[in-house]
> 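Attaching a single structure in structure tokens format; questions to follow.
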Amino acid sequence: MDAAHRVGPLLAVDSATLGGYQLVGRLGTDGTGVVYFAKDADCSPVAIKLIDADLAADPEFIDRFRSEADRARQVPPFCTAKFIGADLDHDPPFLVVEYIDGPSLNDVVAERGPLRGDALHSLAVGVATALTGMHGAGVIHRDLKPDNVLLPSGSTKVIDFGIARPPEATSHHTRTDVTVTYLAPEQLSGEPKTPVTSAADVFAWGCVIAYAGTGRAPFLGDSPSATTGRILTQPPRLDGLPESLRAPVLLALAKDPADRPTAPELRAMLLGEKAGSRSLPQTAAEPRHRRHLPPRKRRRLLLPTVLAALLVLAGLTAAGLLRNRDTDPQPASLAPIRTSAAAAPSEPAGSPPAPPALLSASPSPSVGVSAPKTPPTSPSAGPSASTASTASPSAGPSVSTVSASANPTGRNLALGRSATASSSEGVLFGAAEAVDGDPVSRWSSGFSDPQWLIVDLGARWQISEIVLHWERAHAVRYRVEVSTDGRTWQSVYSTSNGQGGAVSITADRVPGRYVRVYCTQRFNEYGYSLFELQVR
């Protein structure tokens with residue numbers, strides 16, 4: 001990518017020259033000023049950052065800027081934009097660094113998709129190396145993000161030192177105009193005296209590499225406040241990230257700065273060298289999103305998990321296991337999980353009762369919830385696509401024989417309804433996430449076959465359409481079924497060649513109260529992951 005592709009025109013307010021440099025165009029702006037593409041006396045390209053006039057009038061900011069300029073001189077040039085010079089007495093002051101002609105990581109992923117193989121690994125090493133050099137010089141970047149990672153031919157460069165600051169700088173040197181998506185929890189704490197160290201850059205490294213490998217930021221929500229909440233309280237979403245990078249990325253994304261490796265340790269991990277005394281947990285029984293987290297991190301995740309389980313047990317009546325004449329996948333090692341208990345509307349007269357509620361977890365005897373006397377039968381691998389349902393469609397109920405309400409407005413009957421699953425990857429990925437109307441949250445199952453998800457519509461309806469919105473970890477072989485009583489199921493769709501994405505299934509006003517997605521073959525090694533299930 002040549003310079004002309006990235007350079008915008010100068011504006012009427014811009015000068016033609018600055019400190020002996022000829023200004024050619026604008027590379028961009030941020031909260032601290034304008035970045036220009038310029039040429040020196042030898043016509044060599046440079047990048048100049050001119051500080052905003054309002055900030056230049058702030059003595060505290062200028063004090064910080066001088067400190068940064070001094071430290072930027074000490075940053076080694078490998079993997080970063082080389083420091084050329086600064087005029088701190090100019091009004092306003094400016095900083096001159098090497099111009100790097102190459103696309104940003106954000107541009108590359110947007111245009112070509114996530115990085116793969118050696119390209120992704122080289123990026124991870126390159127950014128970790130850049131952070132090693134910066135931190136060794138006492139500089140914290142504080143706003144590492146895909147836009148600040150450039151990919152000129154054959155190398156990786158980290159740019160924008162305009163918002164970096166030394167570790168010992170006090171709280172009044174804090175910046176607030178950075179991108180929330182890649183900030184560390186301590187940068188979002190709201191406490192003015194919360195120390196921000198080089199560990200914040202390591203957290204940002206984990207976010208950047210996750211974005212590069214999956215095409216999405218690991219904590220991205222539908223608003224800045226939602227993203228902030230995910231960063232502070234939820235585990236990262238790393239579906240699709242190569243296994244070789246999951247361990248270092250998970251370590252880097254620890255909520256507690258003390259649990260994260262340093263940049264040199266990250267680099268050593270990526271290069272296969274030993275990094276101090278840190279070791280990666282290898283507890284195979286743990287969910288994949290927790291497996292490589294440090295012990296302190298796992299303890300912190302355990303508390304909300306326990307609290308959530310107690311709340312579910314206190315708020316729900318668990319009467320027993322759902323009895324089903326079909327071959328339901330209920331592995332003995334995975335207790336069925338009740339994740340939503342929305343109140344159902346009154347049923348039409350004469351409707352059979354709903355099946356009993358599922359146990360939310362394997363309760364402690366002291367809680368007072370009785371476990372079933374007979375354990376669930378271990379399921380078979382599931383029928384083939386040609387015999388997807390134990391009840392053939394012709395044998396199922398029809399509109400003429402079963403009372404069911406019409407849905408003339410076409411509203412989503414599953415929205416906010418009670419949902420149950422054979423298993424879930426964790427508390428944050430329960431069945432209710434597939435019917436909450438949020439296109440980002442999702443139900444994710446355990447990493448085994450088969451698995452199922454059932455939605456109780458609250459009453460019998462004439463069903464005309466069912467829409468599934470799969471995440472990358474979708475089902476290849478699965479079927480969709482409808483039931484009026486939760487015991488006898490009628491298949492309305494089956495496939496052995498699922499492609500993921502949005503799948504719209506047409507049903508001819510099939511009467512039903514329950515909708516089940518029954519999965520028997522996964523797309524990859526992870527579980528089944530469904531953003532939304534909609535019923536109309």
Side-chain angles (χ1 to χ4, degrees), residues 30-32 60-61 64 67-68 71 127-128 130-132 134-146 148-149 158 160-211 217-221 223-238 248-266 276 278 289-290 292-304 428:
D30 63 17
T32 58
E60 292 185 349
F61 181 86
R64 174 189 150 202
S67 176
E68 290 176 344
R71 293 173 185 274
V127 178
L131 292 181
T132 298
M134 292 169 57
H135 296 169
V139 172
I140 302 175
H141 194 291
R142 293 179 58 85
D143 192 27
L144 180 64
K145 57 187 178 182
N148 289 337
V149 177
V158 174
D160 199 349
F161 289 97
I163 57 169
R165 76 178 180 97
E168 66 269 27
T170 56
S171 60
H172 64 265
H173 282 167
T174 309
R175 279 281 308 285
T176 59
D177 57 323
V178 291
T179 305
V180 173
T181 308
Y182 300 91
L183 291 185
E186 60 270 26
Q187 292 175 282
L188 300 169
S189 68
E191 296 293 331
K193 294 185 178 180
T194 300
V196 176
T197 67
S198 57
D201 285 349
V202 172
F203 187 92
W205 175 91
C207 293
V208 167
I209 301 308
Y211 168 80
F219 300 100
L220 185 64
S223 67
S225 60
T227 299
T228 298
R230 291 179 185 273
I231 291 172
L232 293 174
T233 64
Q234 297 190 19
R237 295 177 175 178
L238 302 178
V249 167
L250 281 170
L251 286 171
L253 295 179
K255 305 297 186 190
D256 189 337
D259 288 341
R260 299 172 205 150
T262 63
E265 286 176 332
L266 272 179
R278 291 183 185 270
H289 69 275
R290 294 190 192 180
H292 299 301
L293 294 180
R296 292 175 62 185
K297 167 68 174 168
R298 291 202 306 272
R299 288 198 297 271
R300 213 164 26 251
L301 281 172
L302 180 61
L303 179 58
L428 301 175

> Y211: what forms a ring-ring contact (aromatic ring centres under 6.0 Å, His included) with it, not counting sequence neighbours?
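If we apply the ring-ring contact (aromatic ring centres under 6.0 Å, His included) test to Y211, skipping adjacent residues, there are no hits.
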> With sequence neighbours excluded, what pairs up with A204 under the side-chain contact (heavy atoms from CB on, under 4.5 Å) test?
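With neighbours one apart ignored, the set is L144.
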> How long is the straight-line distance from CG of L183 back to CG of L232, given to the nearest 0.5 Å?
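CG of L183 is found 10.0 Å from CG of L232.
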> Write down the atom of W205, the atom of P248, and the distance for their closest heavy-atom approach.
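It is CZ3-O, 3.9 Å.
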> Which distance, rounded to the nearest 0.5 Å, do you find between the CG of D201 and the CG of L131?
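Reported to 0.5 Å precision, the distance equals 5.5 Å.
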> Roughly how far, to the nearest 0.5 Å, is CD of Q187 from CZ of F203?
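F203 atom CZ to Q187 atom CD measures 9.0 Å (nearest 0.5 Å).
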> What is the minimum heavy-atom distance between P224 and V180, and which atoms define it?
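Heavy atoms only, the tightest pair is O-CG1, 4.1 Å.
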> Kindly determine whether T262 and H135 satisfy side chain to side chain contact (heavy atoms under 4.5 Å, CB included), including the steps that lead there.
CA-CA 9 Å; T262 63; H135 296 169; over 6 Å; no
> Please name the pair of heavy atoms, one in Y182 and one in A217, separated by the smallest distance, quoted to 0.1 Å.
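Nearest heavy atoms, Y182 then A217: OH-CB, 4.0 Å.
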> Of all residues at least two apart in sequence or in a different chain, which pass the side-chain contact (heavy atoms from CB on, under 4.5 Å) check with S223?
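Partners of S223 by the side-chain contact (heavy atoms from CB on, under 4.5 Å) criterion, ordered by chain and then number, come out as S225, A226.
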> I want to check something: taking the side chain as every heavy atom from C-beta on, are L251 and E265 in contact at a cut-off of under 4.5 Å?
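Contact flag for L251/E265 side chains = no.
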> Indicate the atoms forming the closest heavy-atom contact of P218 with L253, along with that distance.
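Scanning both residues completely, I find the closest heavy atoms to be CG-CD1, 4.3 Å.
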> For the pair T227 (side chain) and L220 (backbone), establish whether a donor and an acceptor sit closer than 3.5 Å, ignoring hydrogens and angles.
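Between the backbone of L220 and the side chain of T227 there is no qualifying donor-acceptor contact (under 3.5 Å).
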> So how far is it from T197 OG1 to R260 CZ, rounded to the nearest 0.5 Å?
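T197 OG1 to R260 CZ: 7.5 Å, rounded to 0.5 Å.
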> Quick one: list whatever passes side-chain contact (heavy atoms from CB on, under 4.5 Å) with A130, sequence neighbours left out.
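Expected list: C79, T80, V158.
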> Looking only at heavy atoms, which two atoms of R230 and K255 are closest? And how far apart?
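That closest heavy-atom pairing would be O-NZ, 3.5 Å.
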> For a quick test of reading the model, state the closest non-hydrogen atom pair linking A252 to V202 and the distance between them.
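Nearest heavy atoms, A252 then V202: CB-O, 3.5 Å.
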